[in-house]
Amino acid sequence: MPLSDTISTEAPVPSKGSVRPVTAAAGDVLTVIEPPRGWRALDFRELWQYRELLWVLTERDIKVRYKQTALGFAWAIIQPVMLMVVFSIFFGHLAKMPADGLPYPIFVYAGLLPWTFFANAITSSAGSLVGSANLVSKVYFPRLVVPLSAAGSGLVDFAIAVVILLAMMLWYGVGWSVNLLLAPLLVAGTVFIALGVGIGLSALTVAYRDFRYVIPFLVQLWMFATPVVYPARLVPEGWRWLLFLNPMAGFIEGFRSAFLGRPFDWLAIMLSLAVAVLVFAAGIAYFEKVERRFADII
Amino acid sequence: MSAPAIRVEGLCKTYEIGSKQAAGATFRETVVDAVMQPLRRLTGRSAAAEPTETFEALRDVSFEIQPGEVVGIIGRNGAGKSTLLKILSRITAPTKGRIEIRGRIASLLEVGTGFHPELTGRENIRLNGAILGMTGAEIRAKFDEIVEFSGVEKFLDTPVKRYSSGMYVRLAFAVAAHLDPEILLVDEVLAVGDAEFQKKCLGKMSEVAKGGRTVVFVSHNMGAVEKLCSNAIMLEQGQIVSAGACGTVMEHYLATRSFGPNRNSRNSTRIDQHLVVSGFEVVPRNPRSGRPVAITITLEAQQDASLTEFCVLIFSARGTRIAIFDLRLTETVPCQLAVGKTDVSVRLLELPLIEGDYTFELYCGTETGTVHLRDIFEFTVQPKLQPTPIIAYPSEARGHIDLEFKSSLLQSAHVENIAE
């Protein structure tokens with residue numbers, strides 16, 4: 001007589017009530033979960049454990065970005081090159097913008113490169129957490145991985161665009177000096193400030209969707225507060241320190257000096273580096289503070 | 001006795017609803033609040049005067065799970081099962097209390113989390129594996145096994161958006177099945193997929209359970225819990241009401257079934273932003289097996305809505321799916337709903353269910369998507385009035401459905417001849 005009302009399955013039935021203590025493995029991990037209390041330090045060890053995820057997510061963003069596009073990675077070049085053409089016509093040709101004695105196209109392109117990376121990085125990392133809402137509410141991982149990978153994927157575009165800059169330097173016959181050795185430091189500085197701002201904004205966007213509307217506007221304003229289309233020299237000397245409080249100003253001027261062989265403004269670069277590190281630390285600190293609430297409010 | 005795999009002490013989780021801190025708060029409100037706070041303090045009006053509605057999802061929950069135990073967490077909708085699982089898997093943080101977990105932990109709240117439609121099967125295995133916490137080396141080591149288990153070798157380099165839904169789920173489950181943690185937390189993953197897939201899941205689950213791993217399993221399906229778990233914990237309104245051997249807890253669960261529309265859950269009767277289920281009625285209240293019964297569901301629309309799918313599902317007390325009324329088949333849906341109340345009714349001339357307790361669930365589709373509303377209504381079927389004096393077997397021996405049938409005997413006197 002069929003007596004049990006179990007669901008139909010051929011799964012083997014485990015012996016009930018058998019409690020076999022698993023011998024504690026050598027590397028027994030103890031996880032303690034407690035309510036969040038104020039500020040907490042970034043857990044580097046855990047972040048390192050999840051490096052595969054960081055890498056895979058970055059790879060995903062890069063692969064997906066140009067999937068099913070006819071031009072593929074060419075878009076990484078087309079965007080800054082088109083901007084360069086437009087700016088060269090309006091600012092260089094029509095408005096006769098001074099360009100530190102350089103041909104305006106290469107002057108503006110050298111500024112647009114770090115700027116485009118920065119703008120894309122903060123825009124995509126700011127929206128990254130909200131865009132990954134289903135991940136955040138279903139799986140645990142250090143949430144920092146999400147904005148980090150979103151910002152990081154822009155580095156490939158940046159590298160491709162640098163190749164064009166090198167080609168332009170050959171064409172115009174400028175640059176190619178020892179100054180180039182400083183380029184990695186300037187790129188690192190740009191990455192730091194982009195991560196700091198992007199990470200902070202991504203956490204803010206989770207709680208306040210207002211930032212979705214603020215960010216495009218912020219990026220535009222920020223561009224004009226940065227010597228991308230004009231040289232820093234255009235700003236009166238007494239006010240220039242104010243310009244360099246914006247770390248992107250120092251990095252972009254420095255980037256130009258490095259690639260186009262102009263003398264460095266060391267004070268500006270140092271100031272920018274200091275601000276970038278501060279912003280980076282502040283962004284991460286804020287993120288870590290609110291990270292544990294994400295799943296509840298996203 | 002070794003240290004417990006999971007120790008939970010005084011766990012509380014409070015959600016604030018309708019307050020300024022809730023999801024709806026805008027930046028402006030927060031800024032205004034931050035400015036006003038000191039002003040209020042100056043004027044003596046405390047901010048605490050503002051009413052803050054809170055919802056206690058978990059209240060002082062404490063338990064221990066020993067290594068190798070397979071524990072089911074059961075309870076009605078809104079009892080706090082999922083919240084508990086989310087806290088254990090560190091997706092959300094507790095408000096109070098402390099949890100200690102010994103061992104490598106992995107949680108499976110959904111199959112295929114993070115799958116990207118544009119990426120190929122191969123790329124998604126890596127992506128999903130990394131999301132579930134596998135290291136690169138682990139994924140490479142298990143890659144072939146995963147592919148074989150999923151049975152999608154041929155389509156490994158095809159974007160998963162071109163996969164059939166069956167292939168997609170198989171691949172996703174294959175990755176999850178190869179997670180190798182010491183402690184596994186599983187939500188109702190088994191609720192998705194077809195029967196064959198569910199069978200595969202259950203098979204894999206019991207394999208995991210037998211392998212001495214610690215498993216915490218949340219489910220509505222009492223059959224599955226009974227089959228897989230040695231122990232169980234029953235939650236009700238955020239508190240543990242019963243814990244211990246699976247059978248005992250299950251008995252408690254079945255004995256304390258609350259009748260009438262389920263009021264425990266916070267939003268289980270909401271279909272979408274503008275459409276709610278405002279009433280559910282079964283006439284007669286306790287129908288008799290073999291007699292007519294009418295089910296009426298009242299929907300309330302705040303604005304014009306269109307209903308694309310509407311199904312009433314019947315589940316046994318243990319969570320086995322018995323039947324479905326798909327209102328598309330009777331051409332009642334798709335339909336347009338005007339603002340106000342609409343009664344949807346389903347009538348049966350002869351209720352084929354045998355006596356016992358059952359629950360109704362609803363599955364509704366609108367333009368915004370589909371929702372599965374669980375534990376909407378519970379009802380009891382009275383035993384059939386038998387025309388014969390024979391007493392039927394007890395209900396648990398008879399399954400769920402009474403079939404109308406005839407039987408006859410045909411005796412032959414020449415059986416031996418046929419054998420020749």
Side-chain angles (χ1 to χ4, degrees), chain A residues 1-25 28-36 49-53 55-57 59-60 63-64 67-68 132 134-141 204 207-211 214 292-293 295-298, chain B residues 2 15 23 26-27 30 66-70 86-87 89-96 98-105 107 109-110 113-114 116 118-119 123 126-127 130-133 135-136 182 199 202-203 206 209-210 212 221 223-224 226-228 230 245-246 316 318 320 393 396-397 399:
Chain A
M1 197 166 67
L3 260 175
S4 64
D5 174 17
T6 48
I7 67 160
S8 65
T9 166
E10 280 148 27
V13 183
S15 48
K16 285 184 190 169
S18 72
V19 179
R20 266 175 295 167
V22 174
T23 38
D28 219 4
V29 229
L30 175 69
T31 314
V32 177
I33 304 172
E34 280 183 320
Q49 275 172 6
Y50 278 87
R51 62 190 183 280
E52 174 75 10
L53 180 60
W55 177 243
V56 171
L57 284 180
E59 217 182 294
R60 176 197 72 177
K63 277 180 184 158
V64 167
K67 275 249 163 119
Q68 258 191 22
S132 313
N134 81 323
L135 274 191
V136 171
S137 56
K138 293 289 182 199
V139 194
Y140 173 78
F141 54 86
L204 281 168
Y208 313 107
R209 301 290 153 92
D210 311 50
F211 279 94
V214 173
R292 303 238 276 157
R293 293 196 309 148
D296 292 339
I297 57 177
I298 203 161
Chain B
S2 62
Y15 288 102
T26 66
F27 189 58
T30 309
Q66 301 304 324
E69 254 188 290
V70 182
K86 278 193 170 178
I87 294 174
S89 46
R90 288 193 289 166
I91 290 164
T92 176
T95 313
K96 250 190 264 169
R98 181 185 165 90
I99 300 172
E100 282 174 23
I101 298 172
R102 265 165 231 278
R104 226 167 73 94
I105 187 166
S107 61
L109 270 64
E110 187 187 63
T113 308
H116 199 289
E118 296 283 353
L119 297 179
E123 290 163 338
R126 273 192 67 205
L127 176 60
I131 286 171
L132 294 175
T135 63
E182 286 151 318
K199 208 192 278 181
L202 276 177
S206 53
K210 273 181 149 180
N221 188 328
E226 213 168 24
K227 198 150 204 148
L228 291 169
S230 48
C246 190
S316 76
R318 284 160 190 266
T320 309
Y393 292 123
E396 62 267 29

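To find a chain, count down the sequence lines: A is the first, B the second, and so on, and within it residues start at 1. All of these numbers come straight from a predicted model, not from anything done at the bench.
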Check your understanding: How close do B:E123 and A:K67 get, heavy atom to heavy atom, and via which atoms?
Key -> OE1-NZ, 3.7 Å
Check your understanding: Between B:H116, B:R90, B:E100, which has the largest tally of heavy atom pairs under 4.5 Å with chain A?
Key -> B:R90
**Study point:** Closest non-hydrogen atom pair between B:T113 and A:N134, with its separation
**Key:** CG2-O, 4.1 Å
Practice item. List the atom of A:W55, the atom of B:R126, and the distance in Å for their closest heavy-atom pair. Key: CD1-NH2, 3.6 Å
Review point. Does atom NZ of B:K96 have more than 12 heavy-atom neighbours, drawn from other residues, nucleotides or ligands, at distances under 6.0 Å?
Key: no
Exercise for review: Compare every heavy atom of B:P94 with every heavy atom of A:I33, then report the nearest pair and how far apart it is.
Suggested key: CG2-CD, 3.7 Å
Practice item. Look at B:I105, B:I131, B:I87 and state which one has the largest set of heavy-atom pairs under 4.5 Å with chain A. Key: B:I131
Point to revise | For the student: nearest non-hydrogen atoms of B:I91 and A:V136, plus distance | key: CG2-O, 3.5 Å
Review point. Do you know the tightest heavy-atom contact between B:T135 and A:E52?
Key: C-CG, 4.2 Å
